[in-house]
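In this chain, residues are counted from 1 in sequence order. When a ligand or atom number is given, it counts from 1 through the structure's own listing order. All values derive from a computational prediction rather than experimental measurement.
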Amino acid sequence: MIDRYAVIGNPVAHSKSPEIHAAFAHALGEDIEYGRLVATPADFRPSADRFRQEGGKGLNITVPCKEEAFRYAAVLSDRARGAEAVNTLRFDAGQVFGDNTDGVGLIRDITRNLDVGLAGKRVLLLGAGGAARGVLGPLLAERPASLAIANRTQAKAQALASQFGGGASAIALAALEGCSFDVVINATSASLADLLPPIPRGIFASHGLAYDMVYGRGDTPFLARARAEGVGRVADGSGMLIEQAAESYFVWRGVRPPVEAGFSALHQR
Ligand code: ATR
């Protein structure tokens, strides 16, 4: 029987994960089936149960089910515990293992694909929701010189910073005036609504990187602003998408797929 996997969440119709995983399997000469399951947090548990009972081997979890998947897993990786969210479930015999590959996906895309080191850099993380929480631990592990978190609702940035034990500090968006950063990561969902987070001008260093975790929307207002201000480099989240998928594939099957196969699958669409 072919090993079965799926992406679960809502919406999933336009998810690129099936194509990416099919490309990984093809490149490795493996045979897998990878589908899509629509679920809300309310029906996540029965949907995941059914998939498992039918012999499913693992799931990728997307918005808005990552917190529910976190509660669903019986055993959690450290990175899932830090993120308080699960984007990868592996169904072992009699046990559900939950992991989170988003953070490592972002780090690998920045440090390997874009070749931008984070150690010793001044990093600004915009947002304090699930997406920001998911990458904070792995960002801190890179040992930046500083990691500032700024969010529209500042109390959430403060809560997130204090939860991660002082490695990161919260800063008010207005207080960013006059500061500049080597790496600015947009982990807000503003780009999904074609909006710019309320950032002052001048925060992008001319040699720096502006990274939007959203993918497939071209130049988001955030990337357009950074480009207009002369930032050294801009990137959307497509590399993160592929890297987190590659790590999920590894978690499920113990083999590292070539990420190039994922990039060509994504760009063929
Ligand atoms: P996600 O899982 O994508 O992080 P979330 O948990 O709902 O989703 O968090 C969304 C994040 O984007 C929050 O940090 C939110 O700011 P608030 O905490 O103030 O709500 C941020 N966000 C969403 N729309 C935004 C906008 N137009 N400008 C700035 N920040 C925005």
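Close contacts of ligand 1 with Pro198, meaning ligand atoms under 4.0 Å from a residue heavy atom, involve 28 (N), 29 (C).
Between Pro197 and ligand 1, no pair of N/O atoms sits closer than 3.5 Å.
For the salt bridge (charged side-chain N to carboxylate O under 4.0 Å, His left out) condition, the pairs that include at least one residue of residues 186-197, sequence neighbours left out, are Asp194-Arg217. Residue pairs meeting the salt bridge (charged side-chain N to carboxylate O under 4.0 Å, His left out) criterion with at least one member in residues 143-156: none, sequence neighbours excluded.
For atom 18 (O) of ligand 1, the closest non-hydrogen atom on the protein side is Lys156 NZ, 2.7 Å. If you check which protein heavy atom lies closest to atom 23 (C) of ligand 1, you get Ser189 OG, 3.2 Å. Protein heavy atom closest to atom 13 (C) of ligand 1, with residue, atom name and distance, is Asn151 OD1, 3.8 Å. The protein atom (non-hydrogen) at minimum distance from atom 9 (O) of ligand 1 is Gly129 CA, 3.5 Å.
Thr88 and Asp99 share no donor-acceptor pair across their side chains, judged by distance under 3.5 Å alone. Ser17 and Asn60 share no side-chain donor-acceptor pair at under 3.5 Å.
Classification of Arg225 and Glu229 as a salt-bridged pair holds, one side-chain N sitting under 4.0 Å from a carboxylate O. Salt bridge annotation for Glu247-Arg256: present, with a cationic side-chain nitrogen under 4.0 angstrom from a carboxylate oxygen.
Put simply, atom 7 (O) of ligand 1 has no protein non-hydrogen atoms near it, under 4.0 Å away.
Nearest to atom 26 (C) of ligand 1 by heavy atom, out of Met213, Arg152, Gln154, is Arg152. Of the candidates Gly127, Ser191, Ala128, Ala131, Ala131 brings a heavy atom nearest to atom 3 (O) of ligand 1.
Residue contacts with ligand 1, taken as heavy atom pairs separated by less than 4.0 Å, involve Thr153 via backbone and side-chain atoms alike. At a heavy-atom distance under 4.0 Å, atoms from both the backbone and the side chain of Thr188 approach ligand 1.
Ring planes of Tyr34 and Trp252: tilted class, angle from 30 to 60°.
Asp109 places a side-chain heavy atom less than 4.5 Å from the side chain of Leu114.
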